[in-house]
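So the structure is just underneath, and the comments pick up after that.
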Amino acid sequence: MPGYERLWRLVLAVAIVGGPLGYAVGSILIPAVHEDGATSIAANAAANPITNVMHLVAYVLASFLLPIGAAGLAYLAYARAPWLATIGGLLAVVGWLPFSALTALDDVSMAMAALPDSGSYATLLDRFANDAVMGGFLLVYVVGHLVAYVLLAVALRRAGVIPRWAAWSMIASSPLTVAVFVVPGRPLVLGDVALILLVIGSIPAARVMATRNRLSTP
């Protein structure tokens, strides 16, 4: 394998598993998930500053790695499932791009919590988080990446890249994420489980990307 190919294969392999891993770590450490402005600011003010910074760093890293990893998954499946890989890859890349803006929203919440009289900024945070721009980003993010991982998992399994259990781990992550917001009481632990399943399901694909000398042709 030429050196340049080994390099981009390694980058894609790291992104395939590193993106979901960073997202999982950040989500486990995040002090507030889609709460109103007052609750988000209060949660950030009460949070451990070290773990709060760690959550933000993990999200920043994930925001770069997730779109790259999605392109890598589509590449792995493209030879034998071109349409599923293409549609799933495009949805995943477009769906993950707004994650940077949503991470910036967490950064704003943390910055507001550190200011004097932080509670006075709750209305501003609500208006910013719920305006048309951020609402559009959130909608694209939710629909794009949740649908994408179902399609990519099917494509990867059809292409023989990952085992059945890995495909089902990826697929299961999407409905579990949706369940967080539709099940009474908002059981956030389901979201953590969904992300851990996504990490687990991504490991075989990352391994194939990094180690297989030749990928299947159509």
Exercise: identify the closest heavy-atom pair between [X] and [Y]:
{"X": "Gly201", "Y": "Pro204", "result": "O-CD, 3.4 Å"}
{"X": "Gly191", "Y": "Val180", "result": "N-CG2, 3.2 Å"}
{"X": "Ser109", "Y": "Ser40", "result": "OG-CB, 4.4 Å"}
{"X": "Ile200", "Y": "Ser169", "result": "CG2-OG, 4.5 Å"}

Sequence neighbours excluded, every pair satisfying ring-ring contact (aromatic ring centres under 6.0 Å, His included) that has a member inside residues 46-73
Tyr23-Tyr59, His55-Tyr59, Tyr59-Phe99
Under a 4.5 Å cut-off applied to non-hydrogen side-chain atoms, are [X] and [Y] in contact?
{"X": "Leu56", "Y": "Asn52", "value": "no"}
{"X": "Leu97", "Y": "Pro67", "value": "yes"}
{"X": "Leu195", "Y": "Pro20", "value": "no"}
{"X": "Met112", "Y": "Leu124", "value": "yes"}

Are more than 12 heavy atoms, taken from residues, nucleotides or ligands other than Phe137, located less than 6.0 Å from that residue's CZ atom?
no
Between [atom1] of [X] and [atom2] of [Y], what distance do you get to the nearest 0.5 Å?
{"X": "Leu21", "Y": "Ile196", "atom1": "CG", "atom2": "CD1", "answer": "10.0 Å"}
{"X": "Leu102", "Y": "Asp107", "atom1": "CG", "atom2": "CG", "answer": "13.0 Å"}
{"X": "Leu176", "Y": "Leu198", "atom1": "CG", "atom2": "CG", "answer": "11.0 Å"}
{"X": "Met110", "Y": "Leu115", "atom1": "CE", "atom2": "CG", "answer": "11.5 Å"}
{"X": "Leu73", "Y": "Ile16", "atom1": "CG", "atom2": "CD1", "answer": "4.5 Å"}
{"X": "Phe181", "Y": "Leu188", "atom1": "CZ", "atom2": "CG", "answer": "7.5 Å"}

Determine whether a donor-acceptor pair (N or O, by modelled atom type, separation under 3.5 Å) exists between the side chain of [X] and the backbone of [Y].
{"X": "Ser174", "Y": "Leu146", "value": "yes"}
{"X": "Ser173", "Y": "Met170", "value": "yes"}
{"X": "Arg9", "Y": "Met209", "value": "yes"}

Find out if a path of hydrophobic residues (ILVMFWY) with successive side-chain heavy-atom gaps under 4.5 Å connects Val142 to Val182.
yes
Side-chain donor/acceptor pairs under 3.5 Å, residues 149-165, sequence neighbours excluded:
{"from": "Tyr149", "atom 1": "OH", "to": "Trp96", "atom 2": "NE1", "distance (Å)": "3.3"}
{"from": "Arg157", "atom 1": "NH1", "to": "Ile162", "atom 2": "O", "distance (Å)": "3.1"}

Please determine whether side chain to side chain contact (heavy atoms under 4.5 Å, CB included) holds for the pair Leu66 and His145, giving the CA-CA distance in whole Å, both sets of side-chain angles, and the decisive distance to 0.1 Å.
CA-CA 10 Å; Leu66 286 166; His145 86 275; over 6 Å; no
